[in-house]
Enquirer: 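Quick one: this structure, given as structure tokens, is what I'll be asking you about.
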Amino acid sequence: MNRLELEYARKRKNKTKADMAAAIGKSVVSYAKKEQGKVGFSDEEKVIIAKELDLTWDQVSAIFFDGSLPCR
């Protein structure tokens, strides 16, 4: 996971860690650990985050899959 790209994407949308934590139903501490790469995101959480941040397919691939997903 590319934690810096996730952080940048979140900040570009003016979302806080608290906003994202609420979106995925976790505490801010839990979300922060996930964003820092200490704990992984579930597939369901990845989908929620992608929607919350309006991420493109390429951004999702770059952030969560290190660019290894095939292009659409």
Enquirer: Run the side chain to side chain donor-acceptor pair (under 3.5 Å) test against K51 and tell me which residues pass, sequence neighbours left out.
Expert: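 Partners of K51 by the side chain to side chain donor-acceptor pair (under 3.5 Å) criterion come out as none, since no residue qualifies.
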Enquirer: Is there a side-chain contact (heavy atoms from CB on, under 4.5 Å) between R10 and Y31? Walk through the geometry before answering.
Expert: CA-CA 12 Å; R10 176 176 57 77; Y31 176 80; 4.0 Å; yes
Enquirer: Around atom OH of Y8, are there more than 12 heavy atoms from other residues, nucleotides or ligands closer than 6.0 Å?
Expert: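 At most 12 heavy atoms, drawn from other residues, nucleotides or ligands, come within 6.0 Å of this atom.
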Enquirer: Clusters formed by hydrophobic residues whose side-chain heavy atoms approach within less than 4.5 Å: which one holds V29, and what are its other members?
Expert: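 None; V29 is a cluster of one.
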Enquirer: Among R12, E35, Q36, whose side chain to side chain contact (heavy atoms under 4.5 Å, CB included) with E7 holds?
Expert: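 Only match with E7 under side chain to side chain contact (heavy atoms under 4.5 Å, CB included): E35.
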Enquirer: Under a single-linkage rule joining Ile, Leu, Val, Met, Phe, Trp and Tyr whose side-chain heavy atoms are separated by less than 4.5 Å, which residues share a cluster with V28?
Expert: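 Joined to V28, directly or through intermediates: none.
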Enquirer: Kindly write out the residues that satisfy salt bridge (Lys or Arg N to Asp or Glu O under 4.0 Å) with K33, not counting sequence neighbours, or none if the list is empty.
Expert: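 Expected list: none.
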Enquirer: Determine whether I24 and V39 fall in the same hydrophobic cluster, where Ile, Leu, Val, Met, Phe, Trp and Tyr are linked whenever their side-chain heavy atoms lie under 4.5 Å apart.
Expert: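 The answer is no; the residues belong to distinct hydrophobic clusters.
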Enquirer: Provide the closest heavy-atom pair for A21 versus S27 in the form atom of the first, atom of the second, distance.
Expert: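 So the minimum-distance heavy-atom pair works out to CB-O, 3.5 Å.
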Enquirer: Which residues pass the side chain to side chain donor-acceptor pair (under 3.5 Å) test with D19, sequence neighbours left out?
Expert: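 Once residues adjacent in sequence are excluded, the partners of D19 under the side chain to side chain donor-acceptor pair (under 3.5 Å) criterion are T16.
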Enquirer: Measure the spacing between OG of S61 and CG of N2 and express it to the nearest 0.5 Å.
Expert: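 CG of N2 is found 11.0 Å from OG of S61.
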Enquirer: Going by the rule side chain to side chain donor-acceptor pair (under 3.5 Å), which residues pair with K15 if we only count those two or more places apart in sequence or in a different chain?
Expert: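 Partners of K15 by the side chain to side chain donor-acceptor pair (under 3.5 Å) criterion, ordered by chain and then number, come out as E52.
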Enquirer: Taking the side chain as C-beta and beyond, is there a heavy-atom pair between L53 and M20 under 4.5 Å?
Expert: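 They are in side-chain contact.
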Enquirer: Can you list, pair by pair, the side-chain donor-acceptor contacts under 3.5 Å of residues 40-49, counting residues two or more places apart and other chains?
Expert:
unit_1, atom_1, unit_2, atom_2, d
S42, OG, E45, N, 3.1
E45, OE1, K34, NZ, 2.9
E45, OE1, S42, N, 2.9

Enquirer: Under the rule for salt bridge (Lys or Arg N to Asp or Glu O under 4.0 Å), what residues qualify as partners of E5, not counting sequence neighbours?
Expert: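 Per chain and number, E5 pairs via salt bridge (Lys or Arg N to Asp or Glu O under 4.0 Å) with no residue.
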Enquirer: Are L4 and L6 co-members of a hydrophobic cluster defined by side-chain heavy atoms under 4.5 Å apart?
Expert: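 Different clusters: L6 never reaches L4 through Ile, Leu, Val, Met, Phe, Trp or Tyr contacts under 4.5 Å.
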Enquirer: Go through the structure and list residues passing side chain to side chain donor-acceptor pair (under 3.5 Å) with D54, not counting sequence neighbours.
Expert: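 Per chain and number, D54 pairs via side chain to side chain donor-acceptor pair (under 3.5 Å) with K13.
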